[in-house]
Amino acid sequence: MSNDNVEQIVLVTGGGRGIGRACAQAFAESGAKVAICDLSLEVVEQTASELGSNVKGYAADVTDREAVDKLFKSIEQDFGTVNVLVNNAGINRDTLLMRMKDADWESVIQTNLNSAFYCCRAAARGMIKQRWGRIVNMSSIIGLRGQGGQTNYAASKAGLIAFGKSLAQELASRNITVNAVCPGYIETSMTNELSDEQKAAIVERVPMGRVGSPEEVARVVQFLASPAASYITGAAIPVDGGLAM
Ligand code: NDP
């Protein structure tokens, strides 16, 4: 049975800017209590103050399991038990495999994949007790189809999808859904690193002929946490203007 009247207490990792910020804004506008975390307290506090009084910023490095456990304790004290978790924090360190340093591989796996394990483990207990929870993992179309120059990023994003499908099976009977969103080319500081030629080459391959906005991803994340998505779990939904077709 779905519990549609639950008060949403949301954690968006990497919520200080980009897609995470847009997710936090969407949840805040719907009346949820929203915690955002980021590496920099200054950035998250600034973002939180812009998004309203039901948003609070926390400095936490999601690659640090102790920091993650501490973060969940702080949110519990400030807002209550997290029942919507958006594992959004992510980085890329793109280079060809033959040039990839151990640190390029490890930091991407640690930030994009291990962090989701730490956060889901910290969140699951409270969600199981409430018998309601929504987990959304920010994957990528690169996790669906791979990309030369991004072996580390692709492995982390494909890992997130398989991790989520497995966790979805573990938690489904407790009314907790676990889904992945797979953005294509979205205009954020991550994609601003690309050269104009690279951007134009990607847009040329997008059937809709344009880049996506963080808000277009956020709306799908929010949908997956809404009553309208109560029977969706283990899914990986592209938000990519058709790029992954
Ligand atoms: P941004 O680089 O704009 O934002 C990433 C956020 O993650 C920042 O707030 C950053 O914090 C935070 N972050 C990074 N490392 C950590 C950490 N160790 N602990 C806590 N927070 C951290 O990226 P986007 O908004 O573009 O991307 C968001 C997610 O969407 C990522 O997972 C990305 O892989 C995914 N994605 C993005 C696409 C795109 O086209 N933009 C396409 C497909 C997927 P700080 O400011 O402190 O560095």
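Counting convention: from 1, in listed order, for ligands and their atoms alike.
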Subject >> Ser40: numbered ligand 1 atoms lying under 4.0 Å from its heavy atoms >> reply: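 In order of number, 47 (O).
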Looking only at N/O atoms, are [X] and ligand 1 under 3.5 Å apart anywhere?
{"X": "Tyr153", "answer": "yes"}
{"X": "Val62", "answer": "yes"}
{"X": "Asn112", "answer": "no"}
{"X": "Thr191", "answer": "no"}
{"X": "Gly184", "answer": "yes"}
{"X": "Asn88", "answer": "yes"}
{"X": "Ser140", "answer": "no"}

Pick from [options]: the one approaching [atom] most closely through a non-hydrogen atom:
{"atom": "atom 30 (O) of ligand 1", "options": "Met138, Arg17, Gln110", "value": "Met138"}
{"atom": "atom 20 (C) of ligand 1", "options": "Ala60, Gly14, Gly16", "value": "Ala60"}
{"atom": "atom 44 (C) of ligand 1", "options": "Gly90, Ser139, Ser156", "value": "Ser139"}

Subject >> Nearest-neighbour protein heavy atom for atom 25 (O) of ligand 1, which is reported as residue plus atom name and distance >> reply: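 Checking every protein heavy atom, the shortest distance to atom 25 (O) of ligand 1 gives Ile19 N, 2.8 Å.
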Subject >> Which residue and heavy atom of the protein sit nearest atom 47 (O) of ligand 1, plus the separation >> reply: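 For atom 47 (O) of ligand 1, the nearest protein heavy atom is Asp38 OD1, 2.5 Å.
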Does ligand 1 have a heavy atom under 4.0 Å from the side chain of [X], from its backbone, from both, or from neither?
{"X": "Ile186", "result": "both"}
{"X": "Lys157", "result": "side chain"}
{"X": "Thr188", "result": "side chain"}

**OP:** Quick one: closest heavy-atom pair of Val181 and Val221, and the distance?
**Re:**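 Looking at all heavy atoms of both residues, the shortest contact is CG2-CG2, 4.0 Å.
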Subject >> Hydrophobic cluster membership, Val217 vs Leu160, 4.5 Å side-chain cutoff >> reply: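 They do not share one cluster, since no chain of ILVMFWY contacts under 4.5 Å joins Val217 to Leu160.
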